[in-house]
Q: 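Just dropping this structure here.
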Amino acid sequence: MEGRLHSDYDLHSLVVESSKDLNEIQQRDLQKLFAVNYQGEEYIFSPVASKLFRVSYREEKASNEFLDNLPLELRSCGEVIELTIRVEGHQEEDNMAVPFTERSSGMGQNTGNIASQISTRSNSISETVEMLSPVISTSIPLENDSQYLVVRDRIQNVVSYKFPGLRIQVTPWELTVSGCPRDLLQARGEIKNAIDAVKSRAIDLPWQMTSFLNSWDKKALSEKIFGRTPEGCVILHSSRALRLYAPCTTLLEQAENLLKGAFLERSIYIKNEDINFTFSEPWKRLVEKMKSNKNILLCSHEYENGSLSLSLQGFKRDVETESEILKYYLLSHITTQEDIDLESKILVEHLDDLMCSFNLGEIETGVRFLPTSGTTVTLIGPENAVKKSMELLRNVKQILCLDFISFTEHGATWFFKNKGKGILDKISKDNNCKVFIGESMEACSKKETRGKNDGLGAMSKNKKNSAKWQQGTAGCTIPGKNTDNKKPVIQLRLSFGNLEDQKANVISAPILAANPSLNALNATKSLQRKAGAKFSTLFTTLLNDRSTLVPGSLVEMPLAKTTHALNCDFMIFIVCTPYDRPDGSSVKDLRKGISDFLQKCSDKNVCSVVMPTIGAGLALRFPNDTAARIFGEELKSFVEREPNTSLREIHLVFQNNMQCLFAAYKETLLQMDLGNHILLCNEDGDPFKKLTLGQHIDLRAAKLSVSVVYGDIVEEKNDVIVNSTNFTQWRPQTVAHSVFTAAGPEVITDAQRCHNSNQKVVMTGSGNLKSKYIIHCDCQRNISNIEHIVKEVLLKCEESGLQSVSMPAIGTGQCKFDVETVAKSMACSISSVVQNSNLSSLSCVRLIALNPYVYSIFSAEFKKHFKPAQESSRKSLDLLTARLKRRQVQNAKQIKYNGIQEIPLPRHPIALLSIVGTDKKAVETVKCILDAEFSNHYWEEEIEDALLKSMSEDEIQCLFSLLIDKPQVRMILNQDKGCIQINGCHADIPELSVQVKDKLRDMLHARLEDAKKDQAGLLIQWGYCNGASVAPFEDETCQQLEEKFLSDSKGTLTVDFDNRTQIIVNLKTMKAAIPNIGQEVTVVRKDLASETDLPGHWDKMNGHFLMMVPLDSDSEEYCKVHADFSRTVANCCIVKIERVQNIYQYVAYALSKEIMKEKNGTAKVNERTLYHGTASENCQSINYSGFERNFAGQNATTYGDGVYFGVSASCSAGIKYSPQDPETQLQYIYQVKVLAGHHTVGKRGMRAPPCKSTSDPYDLYDSLVDDNDNPTMFVVFHDDQVYPEYLISFIKNVLS
């Protein structure tokens, strides 16, 4: 470590003599030996000769360090060299004749020169000292030569006056003083003090100014800026960092303040389209003249797009002068443009017409406006012309009066553009106004929209009636939908589709940091394909030839409709890197990218975002659940950070083949706590529900029942559970670890022993498990082995006489096999065993998955291979009721959701007439006249017909087809009231009214003709004899056969069979050939309705399928229902009791009752009379379709997610279950028949009754209750177990 002296005092020196001549390496090692760091002590090491050296210290203690440790020796270059050391006397002046140089300035560099001037032949130290040269030098380090320039005059004065024999040399980094030793020591101290007194400070100037500063001599530059002072110079140093040097702090601060206003940098940008004039001679002469001005530096930079940037740097006054000269030149040769807000789109769209019509002057510039520019226009031309036109348009805004009138009635736009055009033109001419017709309130400016009510205030009587109907239309609520204004901040939607086809404010996609190309990823490749060539060019320009991007950063790409075909305003790309490890940089980059992306969207007030999954996929390779978890955590963090964000919808889009990825995201996000402000939902906005342990789907493969269960395999009670293991080691959280841990060590020993005997599939006892046996198998980390293993397991169960087996999702845990592939393999293996083996013992296979998304994938895949179990177990009932429900569900939905329908759909735009003039009173006059004229030509008519209450969708479409080519007329159908309103221009209404009435008569006649066919199609079941049983045909096939049967054409008919093949049915012989059976079978036609006796007290149906029959208040039936209800409900008045006569529901209920008798025995049907309260808007749906499962959980979920019925009417009649109709104040309750059967106590989360016994997984309880011994509430899960007998309308008495 080198030492140096900063000031001169008496030195304590040692004279060192070596036993031999030292080479350069040995001299350096000797120098290191004396490098004492005694409390920061500095030293001087001076070579006198090749064997003689001097070491000087400022402190005596430092030199004593060596004297106290004698003798010393030097070990260097493989030699041991003895050293002789003695103290040098300070009184001898000749001692200072030894040359010295500060180490920091390169000690030892003059050794050769010095040695050449000295004779070192004498062995006596004193003799050698006397022979030394009297001229020595010392160096003082400098920050730079600017430090010296500040005090140069002062130093030169001191040296010339006191030490004329000394010589000073200055380099950029040191100052060297040479002369006699006596003067040198004293002068060095004074020079050093002067230099140390110099003050300096870093200066912050624009980096662009460096080039200009470096073009000047710094002394000349400093004198120009600061001048000279008696204290010394102020120097601006600019060779590296900018720094000010001054002799004192006061001058330094004054110089810094002066410097702030001394320089200026200005840039002038010349666009590509304006670049041509720069090739002219006048421009070149102007530029050359400016470049010759030393006080500025003119630079130019040409961009890749051809544009040019001029930069002027230098002294402020010169830069201001020259830049003004440039600007003036450019303004006289370049076209400019300015925007002006006219505050009305009407003025923008009709500017030329208005300027001409009202003689407002001439715009001397070009005028441009875009559809997306709103109320702003752009003026293009020379600057003076632009300024003049800007002033003209400001005056136009003050002169013109703008008002508007809007018509909500249908046909207004058509009227004023057609029949009323002549009227409109005459009114405009008479009042010196212009009237423009628009078709949407969106065309108005904000100012115009606030004035909307003024245009509606003068509505005629007919118009007010129309407004009432409009209010009814707009106010029609959808039962079951959330109308609460407290919506979640963000809907996180998951759906299948193509990213490029979605619509949102922002579309986002990932790009690779190492390869930022649109062709690198499938998502960006699809976007590029859809958006087109301009999109690709824009992206390339945006990258600006960058071959790599910063991971975790964003690339924003604003889009104009002319450059792409995507339904978004701009793209934001998230720069990603492939997955490395859980705590790696790729995860941090992905988190940063997602977080910054959400923040940017919020900062831009974005409402909707659509994006693919970021991270998952072949290119980035993030595990599916990891990518999902990162996204969920960053989204939650963002919402907590920005609770008032503008974001309302984030749409994650999955390709149709990404079932596994969809399930991974869905289940991972469901298991996370996303907080109260994020709603995870499907494409329709319906929230996803979390899986509950025990949730399952039941399927059927011939006689074999197949179930997929979300649960833990060690809890299974089947005869056999399957353990997937390699028999040697098993990690925690794997199936093998769970099974072996629960079963016990004996099972492990047995399994390993049997495996050693080369058995591929090993069966052992179950140990501590609830099953009888465990079958252990090893897939050997080969996914192709799974299908064979499953087959072996099933056949082993069959051979062993076992009835049920539970299997895990083999290989999806520790082996990490693709879940979808494993599900296909296992399903195919089960199907193969069923088709090729005559199973007589094995009857139940359960697939157990404890991972939610594994369960989802297996459920979806197994549904493709197997039919629902319910279809086989309740064939007759389900085929009938499903047919009846499908028949009625459309009508029910029409009543439930479309109580008021309006055609055309979507609703017509509001007619907006904008009135422009120079006189405000004239504009008001035109408004009144227009309002009166339209009122005289507008008409409404209302048609009432009971048929309108029950019209099908096809009938509605047929009725509204009358409006084709009649855009000026609208029809509003109100099925609740059984009426239809026609409104529009008066001349068209009478003709259309006649057409509507004729169409209704035609529909009534068609209904009567189709009544028999409808009844037959619904209640007739076709099938074929399959042994001792009758197998039913599919619903559509039955309908085709019945229509052919009723047509009196008893020939042959080709129909679909089993969705894969077709068969020929001979209706004359009632025979058909079924491919699966391989022989001709008998076809059977069965009348289901004839087998069911309708209640004797019902009124005749007369071809109707539903009748609501009001009971006579004096009848015995009415009194009994009234008494049963009033037994537990007090302080209320029954307004009406209606008998529900629904042939569909009753037949289904009767068949369900017969099935329950066969299953439970007649005594255990347990038919009860119960009550169910509901809201008024649900009544018609219940009357038509019964208690569908969409009613489940509306009012209670404590005992399961079914439909609840009370034993007493008092419970169901409460406001909670039977809310008041806001219009009539009535409440509604149903008296129902319920097949309660065997029941047990329910629990929250149950979606079906549990099994009654472990031996038969399909023998379920029939209902759930709150108390098994004394129930007050029943929960039912099958629609057909309930029949609504009576609808009771009542009102609570108001007590004083």
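FYI, the numbering just counts along the sequence from 1.
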Q: What residue pairs, at least two apart or across chains, pass salt bridge (Lys or Arg N to Asp or Glu O under 4.0 Å) with a residue in residues 495-523?
A: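 For residues 495-523: D501-K530.
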
Q: Can you see which heavy atom on S646 is nearest to which on C601, and at what distance?
A: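 Heavy-atom minimum between the residues: OG-O, 4.1 Å.
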
Q: I'd like to check the side-chain contact (heavy atoms from CB on, under 4.5 Å) partners of M557; sequence neighbours left out, ordered by chain and number.
A: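 Partners of M557 by the side-chain contact (heavy atoms from CB on, under 4.5 Å) criterion, ordered by chain and then number, come out as F535, L538, F539, L542, L559, M571, F573.
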
Q: I need the I678 CD1 to Q491 CD distance, nearest 0.5 Å.
A: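 Here the rounded value is 12.0 Å.
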
Q: Working to the nearest 0.5 angstrom, can you tell me the gap between H677 NE2 and I490 CD1?
A: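 It comes to 10.5 Å.
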
Q: Rounded at 0.5 Å granularity, tell me how far CD in E715 sits from OG in S738.
A: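 Going from the CD atom of E715 to the OG atom of S738 covers 10.5 Å.
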
Q: Go through the steps for E556 and K604 under the test side chain to side chain contact (heavy atoms under 4.5 Å, CB included), then give the verdict.
A: CA-CA 12 Å; E556 182 180 346; K604 288 180 171 291; 2.7 Å; yes

Q: Could you walk me through whether N567 and Q502 pass the side chain to side chain contact (heavy atoms under 4.5 Å, CB included) test, one step at a time?
A: CA-CA 7 Å; N567 289 320; Q502 306 303 316; over 6 Å; no

Q: Report the distance from atom CZ of F496 to atom CG of L661, rounding to the nearest 0.5 Å.
A: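 Between F496 CZ and L661 CG, I get 8.5 Å after rounding to 0.5 Å.
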
Q: Tell me, do K863 and I697 make a side-chain contact under 4.5 Å, heavy atoms counted?
A: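 Yes - at least one pair of side-chain heavy atoms lies under 4.5 Å apart.
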
Q: Does the side chain to side chain contact (heavy atoms under 4.5 Å, CB included) test come out yes or no for I614 and M611, once each step is laid out?
A: CA-CA 8 Å; I614 307 291; M611 59 197 302; 3.6 Å; yes

Q: Which heavy atom of A663 sits nearest to which heavy atom of I857, and what is that distance?
A: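 Taking every non-hydrogen atom into account, CB-CD1, 3.8 Å.
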
Q: Would you please classify the geometry between the F688 ring and the F662 ring as parallel, tilted or perpendicular, with 30° and 60° separating the classes?
A: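 Judged by the thresholds at 30° and 60°, the geometry between F662 and F688 is perpendicular.
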
Q: Specify whether F866 and F862 have parallel, tilted or perpendicular ring planes, treating 30° as the upper limit for parallel and 60° as the lower limit for perpendicular.
A: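 The rings of F866 and F862 stand perpendicular, inter-plane angle above 60°.
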
Q: Take N723 and T725 through the test side-chain hydrogen bond (donor to acceptor under 3.5 Å, both in side chains) and record every step on the way to the result.
A: CA-CA 6 Å; N723 178 27; T725 177; 4.7 Å; no

Q: Side-chain polar contacts of residues 617-635 - donor-acceptor pairs under 3.5 angstrom, sequence neighbours left out - could you list them?
A:
unit_1	atom_1	unit_2	atom_2	d
E633	OE1	R591	NH1	3.0
E633	OE1	R591	NH2	2.6
E634	OE2	R591	NH1	2.9

Q: If we ignore hydrogens and angles and just use 3.5 Å, is the side chain of S608 paired with the main-chain N or O of N505 as donor and acceptor?
A: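 Pair found, side chain donor or acceptor close to backbone of N505.
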
Q: Quick check for you: to the nearest 0.5 Å, what is the distance between I650 atom CD1 and L652 atom CG?
A: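 One finds 7.5 Å between CD1 of I650 and CG of L652.
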
Q: Show, in sequence, the C-alpha distance, side-chain angles and deciding distance for L494 and L680, and conclude whether the side chain to side chain contact (heavy atoms under 4.5 Å, CB included) test is met.
A: CA-CA 8 Å; L494 310 184; L680 182 65; 3.9 Å; yes

Q: To check you understand the geometry: which heavy-atom pair defines the closest contact between D712 and L850, and what is its length?
A: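 The answer is N-CD1, 4.1 Å.
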
Q: Enter the distance from H788:NE2 to I786:CD1 here, rounded to the nearest 0.5 Å.
A: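 Going from the NE2 atom of H788 to the CD1 atom of I786 covers 12.5 Å.
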
Q: Between P612 and L499, is any pair of side-chain heavy atoms under 4.5 Å apart?
A: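 SC-SC contact between P612 and L499 confirmed.
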
Q: So do V722 and P808 actually touch side chain to side chain, heavy atoms under 4.5 Å?
A: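 Sidechains of V722 and P808: in contact.
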
Q: Does F858 have K824 sitting over its ring (NZ/CZ under 6.0 Å from centre, angle to axis within 45°)?
A: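 Not flagged: K824 not positioned over aromatic ring of F858.
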
Q: Sequence neighbours excluded, which residues qualify as side-chain contact (heavy atoms from CB on, under 4.5 Å) partners of Q599?
A: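 In terms of side-chain contact (heavy atoms from CB on, under 4.5 Å), with neighbours along the sequence ignored, Q599 is linked to D603, F638, R641, E642.
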
Q: Taking the side chain from D589 and the backbone from C576, do they hold a donor-acceptor pair closer than 3.5 Å?
A: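 Answer holds: no.
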
Q: Please answer whether the main-chain N or O of P852 pairs with a side-chain N or O of S856 as donor and acceptor at a distance below 3.5 Å.
A: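 Yes, S856 side chain to P852 backbone: donor-acceptor pair under 3.5 Å.
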
Q: Just wondering, do C815 and C779 contact through their side chains at under 4.5 Å, heavy atoms?
A: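 They are in side-chain contact.
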
Q: Can you tell me if S832 uses its side chain to pair, donor with acceptor, with the backbone of C828 under 3.5 Å?
A: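 Absent.
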
Q: Could you work out, with side-chain contact (heavy atoms from CB on, under 4.5 Å) as the rule, every residue matching H696, not counting sequence neighbours?
A: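 Residues passing side-chain contact (heavy atoms from CB on, under 4.5 Å) with H696: D698, V709.
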
Q: Show your reasoning for whether side-chain hydrogen bond (donor to acceptor under 3.5 Å, both in side chains) applies to E787 and S825.
A: CA-CA 5 Å; E787 193 166 341; S825 298; 4.8 Å; no

Q: Are V653 and N498 packed together at the side-chain level, in the sense that at least one heavy-atom pair is separated by less than 4.5 angstrom?
A: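 They are not in contact (no side-chain heavy atoms under 4.5 Å apart), so the answer is no.
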
Q: Less than 4.0 Å between a side-chain N and a carboxylate O, is that true for K636 and D673?
A: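 Yes, charged N to carboxylate O under 4.0 Å.
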
Q: Does E683 form a salt bridge (charged side-chain N to carboxylate O under 4.0 Å, His left out) with R493? I'd like the steps, not just the answer.
A: CA-CA 6 Å; E683 184 177 11; R493 298 193 180 201; over 6 Å; no

Q: Nearest heavy-atom pair of V708 and S859: which atoms, and what distance?
A: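 For V708 and S859, the tightest heavy-atom pair comes out as CG1-OG, 3.7 Å.
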
Q: Taking it one step at a time, do H651 and S495 satisfy side-chain hydrogen bond (donor to acceptor under 3.5 Å, both in side chains)?
A: CA-CA 8 Å; H651 190 179; S495 71; 2.5 Å; yes

Q: Please report, to 0.1 Å, the donor-acceptor pairs under 3.5 Å made by any side chain of residues 506-519, with sequence neighbours excluded.
A:
unit_1	atom_1	unit_2	atom_2	d
S508	OG	I572	O	2.9
S517	OG	N519	N	3.2

Q: For the residue pair D580 / S585, report whether a side-chain donor-acceptor contact shorter than 3.5 Å exists.
A: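 Yes, a side-chain donor-acceptor pair sits under 3.5 Å.
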
Q: Assess whether a salt bridge exists between D596 and K592, defined as any Lys/Arg side-chain N lying under 4.0 Å from an Asp/Glu carboxylate O.
A: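 Between K592 and D596 there is a salt bridge, with a charged N closer than 4.0 Å to a carboxylate O.
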
Q: Using a 3.5 Å distance criterion without hydrogens, assess whether the side chain of S707 forms a donor-acceptor pair with backbone atoms of R846.
A: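 No.
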
Q: Is there a donor-acceptor pair under 3.5 Å between the side chain of T668 and the backbone N or O of Y665?
A: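 No; judged by distance alone, with no hydrogens or angles, the pair does not exist.
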
Q: Quick one: closest heavy-atom pair of L590 and G615, and the distance?
A: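 Taking L590 first and G615 second, the nearest heavy atoms are CD2-CA, 4.4 Å.
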
Q: Side chains of L554 and V575, heavy atoms from C-beta outward: is any pair under 4.5 Å?
A: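 Sidechains of V575 and L554: no contact.
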
Q: Give a yes or no on whether the backbone of D778 and the side-chain of R781 come within a donor-acceptor separation of less than 3.5 Å.
A: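 Answer holds: no.
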
Q: Give a yes or no answer on whether the side chain of T540 reaches the backbone of S536 with a donor-acceptor pair at less than 3.5 Å.
A: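 Yes; at least one donor-acceptor contact below 3.5 Å.
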
Q: Could you tell me which non-hydrogen atom of L670 sits nearest to which non-hydrogen atom of K689, and how far apart they are?
A: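 So the two residues come closest at CD1-O, 3.5 Å.
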
Q: Please indicate whether K816 has more than 12 foreign heavy atoms, meaning atoms of other residues, nucleotides or ligands, lying under 6.0 Å from its NZ.
A: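 Open.
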
Q: Quick one, M826 and L847 - any side-chain contact, counting heavy atoms below 4.5 Å?
A: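 Contact flag for M826/L847 side chains = yes.
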
